[in-house]
Amino acid sequence: MSTTRPYPPGDRGHEPSGASGVSEASGEEVPAGASTASVTGTAASSTLPPPVDAGGAEAAPRGRQLRRLELQGASGVVPLARDFTRQALYDWGWLPAATADQRAAAEDVLLVVSELVTNACLHAEGPDELALACDNKVIRLEVTDRGTGQPAPRTPHRAGRPGGHGMFIVQRLCLDWGVVRAEGRPGKTVWAELGAPA
């Protein structure tokens, strides 16, 4: 359930990692240009050529783009997730950033990924999967784990004290975030949405 809006995830269409209750095995089609990846980060992409703008240069992808990274049992999951996300940002045209605002938006995405994956490592037996979905306006980040706890932002008790800042940072940087519980088994998906750079 979202912490900041009264309606459930899924209002933007298909949710990666089963957050909307639709699994990969459901037969739902993945949009053209979507790709998936294994724990090694090797992506299996669509065979369609990248979009080209009027000047002949590759344009940022249109429509909903999806990426998945299996993290269960992997070591060094935080840098692995950041590298995977950084590559997606390059592929989707968020990077290289032409302006300071665009650079800040990309850095915010990478920071939120780090916080969500770190939270799963510290409080939820480790992450199972990172899923990224991007359209022209919003990027959605999802980290799935087997934990039963409920993430919640809290104002850090002391500024110089380490820890306790993760979900506070997520709340401050994101348009919205929430938790979707797995049905019939332990676990959850923590999701966050950030706006695309102007």
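Quantities reported herein were computed from a predicted structural model and do not represent experimental measurements.
Between the side chain of Gln102 and the backbone N or O of Thr99, at least one donor-acceptor pair lies under 3.5 Å. Between the side chain of Arg82 and the backbone N or O of Leu110 there is at least one donor-acceptor pair closer than 3.5 Å.
Put simply, the residue from Val109, Val78, Thr85, Ile169 that forms a side-chain contact (heavy atoms from CB on, under 4.5 Å) with Ser114 is Val78.
In terms of heavy atoms, Asp145 sits closest to Gly126 at CB-O, 3.5 Å. Closest of all the heavy-atom pairs between Glu125 and Arg146 is O-NH2, 3.2 Å. The heavy-atom pair separating Ala88 from Arg67 by the smallest distance is CA-NH1, 3.6 Å. Here the shortest heavy-atom pairing between Ile139 and Trp94 reads CG2-CH2, 3.6 Å. The minimum heavy-atom distance between Arg181 and Gly147, with the atom names listed, is NH1-O, 3.7 Å. Residues Leu175 and Leu194 approach most closely at CD1-C, 3.8 Å, considering heavy atoms.
Using a cut-off of 4.0 Å between Lys/Arg side-chain N and Asp/Glu carboxylate O, Arg140 and Glu142 are scored as salt-bridged.
The structure places CH2 of Trp177 at 9.0 Å from CG of Leu116, a figure rounded to the nearest 0.5 Å. Taking CG from Leu141 and OG1 from Thr189, the interatomic distance works out to 12.5 Å, rounded to the nearest 0.5 Å. Here the CG atom belonging to Leu173 is positioned 11.0 Å from the CD atom belonging to Glu107, to the nearest 0.5 angstrom. For the atom pair Phe84 CZ and Leu132 CG, the distance stands at 5.5 Å (nearest 0.5 Å).
With contacts defined as side-chain heavy-atom distances shorter than 4.5 Å, the pair Val77/Cys121 qualifies. Between Asn119 and Met167, the closest side-chain pair of non-hydrogen atoms falls below 4.5 Å.
Residues Gln87 and Asp91 have side chains that bring a donor and an acceptor to within less than 3.5 angstrom of each other.
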